[in-house]
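Have a look at the structure below before the remarks.
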Amino acid sequence: MVIWTTTPWTIPGNRAISFSARVAYGLYEVTASENEFGPRSGERLIFADKLAEESFSKAKLQYKRICDVPARTLSSIVCAHPLKDLGYDFPVPLLDGDHVTDDAGTGFVHTAPSHGREDFEAWTANARDLEARGISSKIPFPVDDAGYYTEDAPGFGPSAEGGAARVLDDNGKKGDANKRVMDALIAAGNLFARGRIKHEYPHSWRSKKPVIFRNTPQWFVHMDKDFGDGTTLRSRALSAIDDTRFVPAAGQNRLRAMIEGRPDWVLSRQRAWGVPICVFADVEGNVLKDEEVNARILEAFEKEGADAWFAAGAKERFLGNSNDAEKWQMVTDILDVWFDSGSTHTFTLEDRPDLKWPADVYLEGSDQHRGWFHSSLLESCATRGRAPYDAVVTHGFIMDEKGEKMSKSKGNVTAPQTVMNDAGADILRLWVMSSDYAEDLRVGKTIIQTNIDAYRKIRNTIRWMLGTLAHDKGKEISYADLPELEKLMLHRLFELDQLVRKAYDEFDFKRITRALTDFANVELSAFYFDIRKDTLYCDAPSSLKRRSALHVIRKLFDSLVLWFAPMMPFTTEEAWLSRDPNAVSVHLEQFPVVPAEWSNEALAEKWKKVRTVRRAVSGALEIERKNKRIGSSLEAAPVVHVADPELLKALEGLDFAEICITSAITILGASGPADAFRLDDVATVSVEPVLAEGTKCARSWRYTADVGSDPDFPDVSARDAAALKELGFAS
Amino acid sequence: MALALSAPLVTSLFPVRMRDETRPETIARTMTVTSEKLDYSKTLYLPETEFPMRAGLPQKEPEMAAKWRQMDLYKKLRASAAGREKFVLHDGPPYANGNIHIGHALNKVLKDVITRSFQMRGYDANYVPGWDCHGLPIEWKIEEKYREKGKDKNEVPVNEFRRECREFAQGWIDIQSEEFRRLGIEGDFDRPYTTMNFHSEARIAGELLKIALSGQLYRGSKPIMWSVVERTALAEAEVEYHEVESDTIWVKFPVKLVADTTFPDGADAAEAHLYSLGNIFNPPRQW
């Protein structure tokens with residue numbers, strides 16, 4: 001078995017060989033050799049098939065392939081260390097690792113857990129299995145802080161002949177470690193080949209000198225140690241995940257997989273700006289457990305902050321007289337900042353009487369399954385046995401309009417400050433609210449403009465209602481007295497109320513913005529308001545229909561503004577205070593209470609049919625308008641043929657001319673002429689766009705037969721004349 | 001059929017008059033009998049509002065945010081919801097370093113909408129914003145300042161260094177706080193939480209000590225990036241890559257044992273051959 005490395009000095013730290021089950025391996029036999037060291041004829045070696053040729057040529061060897069070596073066989077192989085006779089007398093197992101490829105080397109990766117992150121992870125991930133196989137999972141400390149080998153590197157440490165070999169010296173120059181290791185390998189007959197290579201190697205940002213990976217003492221939290229109640233941190237965290245609601249649901253499996261697979265939590269950092277690991281430890285790493293010492297530490301932190309740990313005399317101050325100051329040393333590492341944020345629930349949720357523990361919701365970007373959701377879960381499970389949250393909601397990340405990552409160099413960054421200064425915070429908020437935030441979101445000039453357009457429509461709907469309600473006296477009309485059209489709008493409010501509340505519960509804001517903007521554009525502006533303009537503008541103050549419309553528009557205004565208030569706090573506040581200058585703030589209001597009596601399914605069903613026929617009439621008039629045969633629909637008095645008795649029945653008793661905004665209308669119950677207008681999807685309705693008869697009312701512009709019936713106002717219709725009189729006008 | 005009539009379009013327009021213009025009611029009082037012909041458009045209940053078509057949000061929003069602050073809307077919200085069932089969305093703390101970017105805006109807007117939507121549905125939904133203050137990025141900023149002044153970090157007393165980090169973090173908390181309020185985020189910005197607040201630091205330390213007392217804290221080891229020259233640990237972000245020439249070696253590891261000598265049913269000929277090679281290289285030896 002052959003490995004390849006560019007850091008010969010890490011061989012004393014070798015504890016395993018990694019392979020990959022996805023790589024094809026073969027058994028090879030050496031048939032001829034040239035080098036003075038290395039394999040001889042007849043020796044058998046395993047290589048990744050893709051890399052065998054290249055590896056044998058490096059060692060100037062002839063070879064032949066014997067057979068396949070399957071992954072199952074590899075995982076059961078144990079090797080000897082190549083420097084076994086120097087004191088490395090332990091088994092070297094083979095580990096299956098995801099990081100192994102057959103792009104370079106031999107297909108087998110030298111694994112020294114003291115000297116590499118992937119090596120460490122592969123080793124710790126297998127630690128439990130190795131212990132079960134009787135192989136110690138202990139990680140040695142072969143190199144000290146000055147770059148010298150220690151006694152953990154037999155044959156190269158302080159007691160070796162010639163003293164300790166050194167990896168790097170004080171100036172960052174290479175020491176004698178590589179040479180001494182290679183000489184030892186040749187002596188042991190285990191150097192297969194050697195060479196020189198140019199490659200990228202890490203250097204300190206400050207000194208520009210090479211750095212090394214070296215094993216150091218660190219502080220950990222156990223994932224699998226029994227708390228004494230049959231649970232471990234891992235088992236507690238896994239069951240807490242089962243008890244948590246995830247939005248979207250996929251987050252649950254994501255977090256579970258991370259908790260299942262993670263190693264122990266490394267808490268220590270060798271830095272200065274953080275909360276210290278404020279414990280005392282002895283040489284063996286035992287932690288002082290003294291409640292009085294702990295109380296002194298916490299009392300000092302509360303008053304002086306964690307700086308107290310680093311202040312002069314801290315050791316004596318906290319340790320007190322009852323503990324052996326020789327034995328116990330202060331740890332000067334600081335805590336992983338994820339431990340800080342994992343503990344926020346304690347000093348907010350628990351400590352503030354205006355909050356509560358656990359939280360209803362934690363909401364962050366989906367990367368926080370690895371971050372805050374994760375650390376909060378572990379911290380809380382370790383200290384309180386459950387998660388500090390009931391639900392976890394995640395959002396995606398923001399891309400530019402083409403779906404590419406934003407970067408300053410690409411010039412595709414959208415800054416929130418720019419959007420707020422150019423368009424407004426409410427526009428930015430509306431963009432968030434109309435996006436599918438669970439996935440990655442896109443933003444850019446075009447997308448912001450789309451939201452500005454959508455905003456203008458909403459704003460104009462609100463504006464028209466405000467203008468109309470300027471004439472509202474606030475009189476309530478009992479439900480029973482309302483015209484059907486008003487009852488229909490209240491039914492829609494009943495439906496929307498249910499949708500809005502449910503969607504807010506489910507954090508499904510896109511559904512709300514879509515439902516409310518569709519409602520405002522399609523059902524209000526283009527239907528209800530359009531029909532009611534004649535009544536609202538022209539009817540007499542006493543008109544029940546006009547007062548009913550005002551009553552309903554009041555409800556529509558309140559509902560829409562209140563439902564939008566969480567999303568667009570500025571615009572809704574402006575509208576609310578415009579409607580009632582004495583109000584304090586829309587944000588102190590509650591969502592509208594929608595009475596159950598507004599629900600009227602039968603009416604809604606009937607009006608679906610009414611609107612089907614209306615659609616046919618509008619279609620016919622649209623053609624007339626386009627061909628400039630009429631200007632306004634009020635110039636028409638169409639004849640409508642309704643062959644479907646169900647549709648015909650729906651129109652019974654309604655002022656269908658008003659609904660179609662025509663001056664008159666004739667409804668006939670049979671098929672119309674072949675050349676009459678028909679919609680493709682409503683074959684049973686046909687429309688003849690007849691011109692309205694009568695005279696145009698100078699006030700309402702409707703064509704009626706009764707224009708001039710009141711001699712005081714000879715140029716207006718009877719309804720308008722009566723309205724003028726009630727308003728106190730004289731001719 | 002050809003219709004000869006033409007008239008101005010009226011139904012698709014929303015004619016809106018300003019409030020200070022004459023309304024029918026006012027006309028009724030001021031105009032009595034007159035010989036002039038009545039202008040009917042002034043007898044209609046046309047919409048009247050000062051709510052403008054053009055929103056002017058970039059000017060109006062900061063004024064409104066200032067007004068909410070002046071009237072202490074946050075306190076009024078709490079008072080109006082006193083005694084109601086609580087709904088708590090706990091803020092995940094952004095790092096107190098730099099201006100907010102679009103990702104922060106997305107995050108805070110979602111939190112704000114959720115909080116407000118519960119507040120308006122019968123809950124006491126209190127949002128307390130927070131900041132993450134400790135950690136490497138702020139250390140670097142201070143070290144960077146030192147380098148500019150030719151100062152050596154190792155010669156500065158640790159608590160003086162920590163004080164500078166603390167001030168730096170506080171500076172950004174103040175800036176981000178203003179930016180979040182400009183976005184319309186409502187919450188306890190006068191009393192936010194920070195991880196560097198003394199009480200927070202004491203609580204974080206207390207949590208660690210709890211874990212230590214429960215026997216779950218232990219000293220182990222882990223490889224870290226180490227600068228021999230500086231005798232210090234380095235974070236990934238403090239490391240840069242340069243091309244160097246190194247020794248490279250191929251090393252043989254003698255196979256000592258194939259533990260799984262019972263080869264499975266259906267093993268193919270090559271595999272069987274492998275096992276029959278006397279465990280490939282040497283006679284197996286038990287450890």
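Please read these numbers as outputs of a predicted model, since none were measured by experiment. Within every chain, numbering begins at 1; the chains are lettered A, B, ... in the order of the sequence lines, protein sequences first and strands thereafter.
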Segment of [X] engaging chain A (4.5 angstrom heavy-atom cut-off):
X        : answer
B/Val113 : both
B/Ser80  : side chain
B/Asp188 : side chain
B/Pro157 : neither

Based on non-hydrogen pairs under 4.5 Å, which of [options] is most in contact with chain A?
options                               : result
B/Ser221, B/Pro52, B/Pro58            : B/Ser221
B/Ala65, B/Ser117, B/Gly130, B/Ala105 : B/Ser117
B/Arg121, B/His101, B/His90, B/Glu245 : B/His90
B/Arg163, B/Arg116, B/Lys60, B/Arg166 : B/Arg116
B/His242, B/Glu243, B/Met64           : B/His242
B/Phe51, B/Tyr40, B/Tyr241            : B/Phe51

Would you say the side-chain atoms of [X] pair up with the backbone N or O of [Y], donor to acceptor, closer than 3.5 Å?
X        : Y        : answer
A/Gln590 : B/Gly122 : yes
A/Arg194 : B/Asp247 : no
B/Arg182 : A/Met420 : yes
A/Asn190 : B/Val251 : no
B/Glu201 : A/Phe301 : no
A/Asp360 : B/Val88  : yes
B/Arg162 : A/Phe310 : no

[X], part contacting chain B, at a heavy-atom distance under 4.5 Å:
X        : value
A/Tyr201 : both
A/Trp219 : both
A/Leu536 : backbone
A/Leu363 : both
A/Thr106 : side chain
A/Lys289 : both
A/Ile398 : side chain
A/Leu724 : side chain
A/Ser114 : backbone
A/Val221 : both
A/Leu298 : both

Inset, instruction - Give a yes or no on whether B/Met71 atom CE has more than 12 heavy-atom contacts from other residues, nucleotides or ligands under 6.0 Å away. - result: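 Yes, enclosed.
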
For the student: nearest non-hydrogen atoms of [X] and [Y], plus distance:
X        : Y        : value
B/Asp132 : A/Ser341 : OD2-CB, 4.2 Å
B/Thr248 : A/Arg196 : CG2-N, 3.7 Å
B/Glu143 : A/Arg271 : OE2-NH2, 3.7 Å
A/Phe227 : B/Ser214 : CE2-OG, 4.2 Å
A/Pro82  : B/Lys252 : CB-O, 3.4 Å
A/Trp273 : B/Cys133 : NE1-O, 2.7 Å

Legend entry - Between A/Arg463 and B/Thr49, a side-chain donor and acceptor under 3.5 Å: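 No.
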
What is the distance from atom [atom1] of [X] to atom [atom2] of [Y], rounded to the nearest 0.5 Å?
X        : Y        : atom1 : atom2 : value
A/Lys58  : B/Ile249 : NZ    : CD1   : 14.0 Å
A/Leu335 : B/Leu208 : CG    : CG    : 5.0 Å
A/Arg214 : B/Ile224 : CZ    : CD1   : 6.5 Å
B/Leu73  : A/Leu588 : CG    : CG    : 5.5 Å
B/Ser200 : A/Glu302 : OG    : CD    : 9.0 Å
A/Arg429 : B/Leu110 : CZ    : CG    : 9.5 Å

Legend entry - Pair B/Trp226-A/His115, ring pair (Phe, Tyr, Trp, His ring centres under 6.0 Å): steps then yes or no: CA-CA 10 Å; B/Trp226 183 264; A/His115 301 301; over 10 Å; no

Inset, instruction - Might you work through the side-chain contact (heavy atoms from CB on, under 4.5 Å) test for A/Ser204 and B/Val229, ending with a clear yes or no? - result: CA-CA 9 Å; A/Ser204 166; B/Val229 176; over 6 Å; no

Legend entry - Passing option when B/Leu213 is tested against A/Val279, A/Asn294, A/Val287 for side-chain contact (heavy atoms from CB on, under 4.5 Å):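 Running side-chain contact (heavy atoms from CB on, under 4.5 Å) over A/Val279, A/Asn294, A/Val287 with B/Leu213 returns exactly one hit, A/Asn294.
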
Inset, instruction - Apply side-chain contact (heavy atoms from CB on, under 4.5 Å) to the pair B/Trp250 and A/Leu191, showing each step before the final yes or no. - result: CA-CA 6 Å; B/Trp250 284 258; A/Leu191 191 69; over 6 Å; no

Inset, instruction - Walk me through it: do B/Gln119 and A/Glu589 pass the test side-chain contact (heavy atoms from CB on, under 4.5 Å)? - result: CA-CA 9 Å; B/Gln119 174 79 15; A/Glu589 303 293 329; over 6 Å; no

Legend entry - Derivation and outcome, ring pair (Phe, Tyr, Trp, His ring centres under 6.0 Å), residues A/Phe220 and B/Tyr218: CA-CA 5 Å; A/Phe220 292 77; B/Tyr218 72 94; 5.2 Å; yes

Legend entry - Candidate pair A/Arg699 and B/Leu38, rule side-chain contact (heavy atoms from CB on, under 4.5 Å), full reasoning: CA-CA 10 Å; A/Arg699 185 168 179 264; B/Leu38 197 54; over 6 Å; no

Inset, instruction - Taking the side chain as every heavy atom from C-beta outward, state whether A/Thr216 and B/Pro223 have any atom pair closer than 4.5 Å. - result: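 No, every pair of side-chain atoms sits at 4.5 Å or beyond.
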
Legend entry - Pairs satisfying salt bridge (Lys or Arg N to Asp or Glu O under 4.0 Å), at least one member in residues 209-224 of chain B, at least two apart: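 Non-adjacent pairs meeting salt bridge (Lys or Arg N to Asp or Glu O under 4.0 Å): B/Glu207-B/Lys210.
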
Inset, instruction - Anything under 30° is parallel, anything over 60° is perpendicular, the rest tilted; go ahead and classify B/His199 against A/Phe347. - result: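 Aromatic pair B/His199/A/Phe347 classed perpendicular.
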
Inset, instruction - For this output row, return yes or no: ring centroids of A/Phe570 and B/Trp68 closer than 6.0 angstrom. - result: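 That pair passes the under 6.0 Å test.
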
